[in-house]
Every structure is written in structure tokens, then in C-alpha cells.
Amino acid sequence: MAASCPLSFSVRRGKPVLVAPAAPTPRELKRLSDIDDQEGLRFQILVIQFYRHVPSMDGRDPARVVTDALARSLVFYYPFAGRLREGDGRKLFVDCTGEGVLFIEADADVELAEFGDSLQPPFPCLEELLFDVDGSSAVLDAPLLLIQVTRLRCGGFIFALRLNHTMADASGVVQLMNAVGELARGAVAPSVLPVWRREIFQGKPAPTGRPSLAHREYDVVPNTNATIIPRDEMDHRSFFFGPRELAALRRRLPPNLRRATSTFELLAACIWRARTLALQPTNPDEEYRIICVVGARGHQGFDLPAGYYGNAIAFPAAVATARELCLQPLAYAVETVKKTKSDFSLDYLLSVADLMVAKGRPHFTVVRTFVVSDVTRAGFPDVDFGWGKAVYGGLAKGDVAAIPGVSSFFIPFVNASGEKGIVVPVCLPAAAMERFSGEIERLVGDEIREEQPKPASTPSAL
């Protein structure tokens with residue numbers, strides 16, 4: 001488990017610059033889809049990638065390599081060089097101005113080894129590794145991408161990216177990053193050409209566009225017991241689930257569920273239940289939700305064009321009372337999650353698009369809600385700018401700034417022993433975090449290991 005750490009270092013940053021497309025691009029307005037521009041996606045995604053020193057790349061500056069490849073990639077992905085505008089009905093458009101994306105190059109007086117053997121959120125000095133340029137973080141009328149490349153003393157580097165989520169989901173972000181990586185390694189064009197086609201998820205106007213299905217994720221729920229907790233009261237830790245931990249959880253299910261339950265369903269149900277227990281609900285009849293972010297790519301019934309990089313996700317919600325979650329065995333939560341995931345379909349996603357048009361693009365409910373997104377197959381660690389795969393690649397934080405403590409991600413991870421598994425960043429109030437940690441330990445017995453870093457030559461980061 002990762003907790004706060006004493007590692008600190010200084011970062012010397014250059015002046016932020018705009019990187020524009022390397023060749024002329026169309027000047028046009030492009031509509032986002034009615035999935036893209038919902039309120040719940042109007043925030044920034046933070047991604048961080050750590051790369052080792054590679055002797056064969058000596059003499060090549062990663063900041064220069066990335067900026068050159070980025071400028072050439074923006075010729076293909078030119079909407080990212082524009083700015084978002086809002087029209088009637090809160091509809092979002094990209095004004096393809098070609099102004100460019102923000103880029104910062106920096107140097108840090110730290111070596112990769114000093115971060116310890118377990119690179120996982122929360123990362124030390126993140127605000128220095130992805131600097132928030134004044135005026136750049138707004139959703140509208142601001143750069144859609146911010147990238148910082150920080151050279152390390154050892155010859156490695158850190159690539160950090162902030163992206164306006166309305167433009168792309170995790171798979172779309174990786175598609176863009178892979179394009180930059182391919183061009184950085186000498187390609188003249190990306191192997192997967194980008195496809196806009198946002199009209200695929202265009203909602204119908206009322207009255208014909210009334211949602212055809214129920215969407216509990218958009219219920220209006222009053223915050224009766226102040227269950228939304230301020231960020232500064234949160235404890236941030238990461239929990240590792242390897243093969244032994246997952247096997248121990250699976251053994252808690254009845255035989256008919258063990259083989260029929262995916263790793264995502266098992267882990268999501270476990271964390272939802274443990275988190276609810278840790279929050280100690282005062283009203284056993286109040287409803288608690290888990291929102292499972294489900295993607296259309298590779299899902300049966302969808303035929304998205306190759307290269308589509310827009311948001312192709314939905315937020316179906318499983319709902320249970322505190323009494324049901326806390327008193328029933330883990331199998332109850334698993335079956336509830338399984339049922340909710342099975343509701344996802346093309347019709348479901350199109351019904352969400354209709355709901356956005358009909359109801360003014362609302363935010364999914366965050367009251368007594370836990371949101372979980374599985375990015376284990378998104379491909380972040382595989383992005384290669386010429387220095388090989390990332391030591392760590394993925395989401396930089398375990399939550400979303402607009403809704404602290406509500407969301408988490410399943411991130412692929414290799415621990416200090418070389419064991420592959422999933423790391424789950426969790427944010428909870430300090431007392432609740434101790435109860436959550438205890439419940440996880442109880443569920444998996446003594447096979448759970450709190451991921452502590454091995455001693456390094458200097459204080460470890462985790």
C-alpha cells in the first residue's frame with residue numbers, strides 16, 4: 001500500500017509554449033457527441049509515464065523528441081490544437097483554430113531509482129511534474145492538452161499529460177499517445193489514423209429523444225448526511241491485488257459464481273462493499289451506488305470504426321441499501337455488479353445520449369456513490385517514445401478533482417517482486433481508510449500485502 005512519503009525534489013521548468021500542428025490544418029467547427037459533452041466528463045484527465053535511461057538514446061533530448069513528434073501528430077489530430085466552445089443547449093464544439101497545445105520542458109534533481117520500487121499513485125511532487133499553467137485548466141476556451149516532459153538526473157524522464165476528458169476516453173488518449181510515440185520513433189504517419197465521427201452518439205431531440213431505458217446513475221440524490229467529503233480531509237493510498245489476493249477473494253464466492261465472475265466484477269464489488277462498511281452508514285436504508293465505467297470498444301453489439309477516439313463509455317449504476325451491502329456476503333455485491341454490467345448495450349449508450357439532450361447534460365450522481373474505471377487494458381504502459389515501455393504508465397491520481405473520494409481506477413502494475421497484478425488507488429477520510437484497510441485484510445486473510453517500497457539509496461517515494 002502506498003502512503004505519503006518523505007521524497008521531495010526540485011524541478012526547474014522552462015516557459016510554457018504552444019506547440020502547433022507542423023503543417024496547415026482545416027479551420028472548422030466540429031461537434032462533440034452527446035456522450036462527450038455531458039457534465040460528468042467536463043474535467044481534466046491526468047496521465048503520467050516514467051521512462052528509464054536507455055544508453056542507445058544518449059544524445060537525444062526527450063523533450064525535443066516529443067515536441068517534434070507532437071507537432072507532426074497534431075496534423076492528424078488537429079482538433080486537439082483547437083479550443084472548446086459552448087453553443088445552445090450547452091452543446092460543445094471544437095473550434096479548430098490550430099493554436100496548439102501547451103508544452104513544458106523541465107529538469108528535476110532526482111533519479112528514477114529514488115522513487116522506490118513501487119511506482120503508484122499518489123506520486124510525490126505531482127504538481128511539479130505536471131504544472132498547472134495559469135488559465136489553462138478551464139474546460140472552455142483553453143488548450144485541450146498540456147504536456148510536460150521532465151528530464152531526470154539519471155538520464156530517464158517523466159512524460160505527464162493533462163487532457164480535457166470531453167475530447168477522448170482512456171483508449172482515445174492512448175491512441176493519441178501511441179501516434180506521438182510512433183512518429184517519435186521515425187514513422188511518417190500513425191499506424192491508426194484518427195476518426196472523428198462523433199455523430200455516432202448523437203441524441204435525438206425531445207419528444208422523440210426521450211430516454212428509452214432507466215438510468216439510475218443520473219438520479220437526483222440529496223446529500224442528506226454530508227457524504228461528500230472535502231479533499232483536504234482525504235487520505236490517499238494504493239492497494240495491490242495480485243494473483244494470490246484475487247484468488248483469496250474468489251474463494252469467498254459460492255462455486256457457481258467463482259468461474260462466472262470477471263476480475264473487474266470481483267474487485268469492484270469487493271471495494272464497493274468494503275468502502276461502504278468503512279464509511280459506517282448511519283441510515284441502513286439509504287441507497288449506495290457503484291458506477292462501473294463500461295466501454296463500447298470490443299463490446300459485443302458495437303461496431304465503432306477503427307481510429308475513433310471519442311468517449312465511447314457509459315456509467316451504469318448498481319444500487320443497494322447500506323443494510324444489504326454490509327450484512328450480505330460478498331456474493332451479493334458481486335451479483336449486483338454483474339447484473340448492472342450486463343445492462344450495457346448500444347441501446348443503453350444511445351439512450352444516455354437522448355437523456356443528455358432532454359435533460360441538459362446532467363452530471364451523474366456522486367452522493368453515496370463510488371465510481372470505478374478499469375484501465376488495465378487501455379495500454380498506457382506500452383506507449384514508447386523511443387525509450388521502450390514505461391516503468392509505470394497510467395493515471396496520475398486515484399480520484400478526480402471535481403469529485404474527491406468518489407472515483408478510482410484499476411491500473412495494471414508490477415510490484416517490487418515482479419508480480420503482475422492490479423493497483424487500486426483509494427481516497428477516504430483517514431479514519432475510514434483505516435477501517436477500509438482492515439476490511440480488505442480480513443477479506444483476503446494474510447495473503448494481502450501492503451505494498452511498501454524496498455529501501456533505496458535515498459528516502460523512497462512510496
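Just so you know, these numbers come straight off a predicted model, no measurement behind them.
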Tell me whether [X] is salt-bridged to [Y], with the criterion being a basic N under 4.0 Å from an acidic carboxylate O.
X: K341; Y: D343; answer: no
X: R90; Y: E39; answer: yes
X: E439; Y: R273; answer: yes
X: K389; Y: D382; answer: yes
X: D132; Y: R162; answer: yes
X: K339; Y: E265; answer: no

Shortest non-hydrogen contact from L249 toward L330: O-CD2, 4.1 Å

Aromatic ring proximity, centroids under 6.0 angstrom, [Y] and [X]:
X: F380; Y: Y392; result: no
X: F413; Y: F241; result: no
X: Y348; Y: H215; result: yes

Heavy atoms from other residues, nucleotides or ligands near CZ of R377 exceed 12 (cutoff 6.0 Å): no

Heavy-atom neighbours of D285 CG exceed 12 at 6.0 Å: yes

Listed partners of R197 passing salt bridge (Lys or Arg N to Asp or Glu O under 4.0 Å), at least two apart: E199

Set of salt bridge (Lys or Arg N to Asp or Glu O under 4.0 Å) partners for K30, sequence neighbours left out: E28

D34: which of Q202, K204, R361 passes side chain to side chain donor-acceptor pair (under 3.5 Å): R361

Aromatic plane relationship, Y51 with F157 - under 30° parallel, 30 to 60° tilted, over 60° perpendicular: parallel

Flag for T321-E324: side-chain donor and acceptor within less than 3.5 Å: yes

No-hydrogen, no-angle side-chain donor-acceptor test under 3.5 Å, D36 and S33: yes

All ring pair (Phe, Tyr, Trp, His ring centres under 6.0 Å) counterparts of F344, not counting sequence neighbours: H299, F302

Sequence neighbours excluded, every pair satisfying ring-ring contact (aromatic ring centres under 6.0 Å, His included) that has a member inside residues 161-188: F43-H165

Test log, rule salt bridge (charged side-chain N to carboxylate O under 4.0 Å, His left out), inputs E217 and R289: CA-CA 8 Å; E217 62 270 33; R289 285 167 173 74; over 6 Å; no

Under 3.5 Å, side-chain donor or acceptor atoms of residues 139-149 against the rest of the protein: list the pairs with distances, not counting sequence neighbours.
{"residue": "D141", "atom": "OD1", "partner": "R85", "partner atom": "NH1", "Å": "2.7"}
{"residue": "Q148", "atom": "OE1", "partner": "F131", "partner atom": "N", "Å": "3.0"}
{"residue": "Q148", "atom": "NE2", "partner": "E128", "partner atom": "O", "Å": "2.8"}
{"residue": "Q148", "atom": "NE2", "partner": "L129", "partner atom": "O", "Å": "3.4"}
{"residue": "Q148", "atom": "NE2", "partner": "T150", "partner atom": "OG1", "Å": "3.1"}

For R216, all residues meeting side-chain hydrogen bond (donor to acceptor under 3.5 Å, both in side chains), sequence neighbours excluded: D219, E287

Six-ring centre of W196, R198 cation under 6.0 angstrom, axis tolerance 45°: yes

Exam field: side chain R31 to backbone F93, donor-acceptor pair closer than 3.5 Å: no

